[in-house]
Structures are given as C-alpha cells and as structure tokens.
Amino acid sequence: NTMTIDKIKDDGFYVQRQSFSIAEVGLINRKIDDYVQQPHPGIVREADARLIRGIHGPHLFDDFFTDLISDPRLLRPAEEFLGERCYVHQFKINMKQRMNGQAWPWHQDFVYWQRGDGIRSPRLLNVALLLSDVDMLQGPLCFIPRSHTLGDLSTVPEKTGDWEQDISKDLTYQIGHRPIERLIAENGVKYMTGQAGDLILFDPLMAHCSSTNLSPHDRALLIVTYNAVSNAPVSDGSIRKRPEFLSARNFVPLAMKTRDYMDTAYCDAEHEIEELVTK
Ligand code: SIN
Ligand code: MN
C-alpha cells in the first residue's frame, strides 16, 4: 500500500511483521533442508569450505522456490514500489549458521548489479524474509536509514576477483570506514532483529552490513531481488557474465500466485513424512 511505499522511499526500508506464519516458515526451512541434500549450482560455502554460507537461485532448480517468488506477499510490494511488472534478478538464502556464520561488510547492493550485470537504474527492490527469530548475537542485518538517497557510496575495490568474491566475507565493493562513520553519526543504525516470518523491504542503494553469528542459533535470511521488467540489463558485450544463479537471464514478468501453492506443498511434505514412517 502507499504507506509502505512512502516509508521505503523516505527511510530506504520497511518492516512488515508476521507476514508468513510459523508453519509456513517451517515448510520453507524443510524445503531448504531437502534442497541442500542434493548438489545444486549456487550453493556456496564459508571460507572454511564446510558450512553453507548461501544458496543462490533455488527458483531455477526447484518448483517450490519457483512458486515462492510469485507469492503475493513478496511480489506485490515489489510491483507496487516499482510501479510495473517484475521479474527476479536474484534470489538467495543467506544461512549464517550458528557460532561461525561469517559477516557481510558495509556495502550497497546496486553496484554489483550495475557493474556486474549491466542493470542501468536502481529500480529494484529487495524483499527479505526472516526464516528464524533473530537477535543481536545472530548478526542481524543493519541499515543506515536514508543512506539510499546518497547514490553510489562504494570505494574503488582493491581487487576485483571472480563472482565468488562478490558474495564472500571480503566483498568486492564496500563502503569506506570514513563515509560510514559520518553516515552513522548523522543517521544512526537500525538493527533488523525480529521473529521468523517478518518481512523486510529495502532499497538497492541502502548501506547495510551484518556481523558474524556468534549465537548458538542459525540465522537464515531469504532475499528476493525484484527488478522492473523495463530495467532488465542490456548486454553490450562489455559485461562479464556472472552465473545465472546470481544474475537472471529470464526477464518474463512474474504472474502472481494465490497462496494455494503453500497448501499443496504442505500436503506433499506430509505425504513424504508418511512414506518415511511406513518404510
Ligand atoms: C546482504 O548483504 O545481501 C545480506 C547480508 C546478510 O545476510 O546479513
Ligand atoms: Mn547486500
């Protein structure tokens, strides 16, 4: 609605509490557990090569996640904010596992999609869903309110590596310490703690970070990045192509689902459990 849109435009973010039920979040988490049992492109590990850091592009390989990106609770705010039909540029689940899930330094997202993928304008929206309760010890997402109005704040990277660097704890494009000091002095910081099922909408130019998870609980965060169809990248050949699980190739506008797909998925999941029990 217009209140939500105005909030995102003014502050750079908006939090919608209890958007998904505990049962629905439970189902999503179960689907994630199933998904990582099989090898899939886009599953990325922490530097220790053991813990999963992130799952990228599961909507390309799994029907449940394909349906999820068209859930009205995720897609509708994006369409309203961008004022047109959308497709998903990027879909990731950052696992930030207990005791050791690593940090995300201060950065903005748009620079990656602009320089990495050839998207011209920051007319995208991040829609993030908390898949666990999140407190301060878990390394919540941190925002500097209104920083999205200041354009590209990133410093020239010391080195640009391959796509792996773009999602590592040593991110390619970061915001320098001096600008962060000044921005925080002026605007403060908002911590995106909350409960499983809370939704966080944020602008692609928002300055954000999150620290290491030193708690005994995982902090899984699902982030869908919607792009306006008219803002799809134009390939001029100068852009090195990142893998499809980071940078969409399919720009067909999404068709909004009803929530029925969730019921079907529940039934499937229950059926699977029954089969396991009777085996
Ligand atoms: C991000 O910067 O895209 C995600 C950070 C996080 O998962 O905390
Ligand atoms: Mn980010």
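Predicted model only: the values in this text are computed from it and were never measured. Remember, it's 1-based here, ligands and their atoms both numbered in the order they're listed.
- Here CD1 of Ile32 is found 10.0 Å from CG of Leu27. Values are rounded to the nearest 0.5 Å.
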Report every pair formed by an N or O atom of ligand 1 and a protein N or O atom separated by less than 3.5 Å, giving atom names and the distance to 0.1 Å.
residue, atom, partner, partner atom, Å
ligand 1, 2 (O), His107, NE2, 3.0
ligand 1, 2 (O), His208, NE2, 3.0
ligand 1, 7 (O), Asn94, ND2, 2.9
ligand 1, 7 (O), Arg219, NH2, 2.7
ligand 1, 8 (O), Ser210, OG, 2.6
ligand 1, 8 (O), Arg219, NH1, 2.7
ligand 1, 8 (O), Arg219, NH2, 3.3

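- Taking the six-membered ring where tryptophan is involved, the planes of His40 and Phe61 are tilted, since the angle between them lies from 30° to 60°.
- Within 6.0 Å of the CZ atom in Arg178, the count of heavy atoms belonging to other residues, nucleotides or ligands does not exceed 12.
- In this structure, Lys7 forms no cation-pi arrangement with Tyr14, as its terminal cationic atom is not both closer than 6.0 Å to the ring centre and no more than 45° off the ring axis.
- Between His56 and Phe245, the ring planes are tilted. Angles from 30° to 60° get that label.
- Closer than 2.8 Å to the Mn ion (ligand 2) sit the protein N, O or S atoms His107 NE2, Asp109 OD1, His208 NE2.
- Using a 30° and 60° split on the angle between ring planes, Phe91 and His59 fall in the tilted class, from 30° to 60°.
- Note on ring orientation: taking the six-membered ring where Trp is involved, the planes of His107 and Trp104 are tilted (angle from 30° to 60°).
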**Item:** Check against side chain to side chain donor-acceptor pair (under 3.5 Å), Asp198 and Gln18
**Value:** CA-CA 5 Å; Asp198 290 353; Gln18 297 304 284; 2.9 Å; yes
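- Below 30°, between 30° and 60°, or above 60°: for Phe143 and His208 the angle between ring planes is above 60°, a perpendicular geometry.
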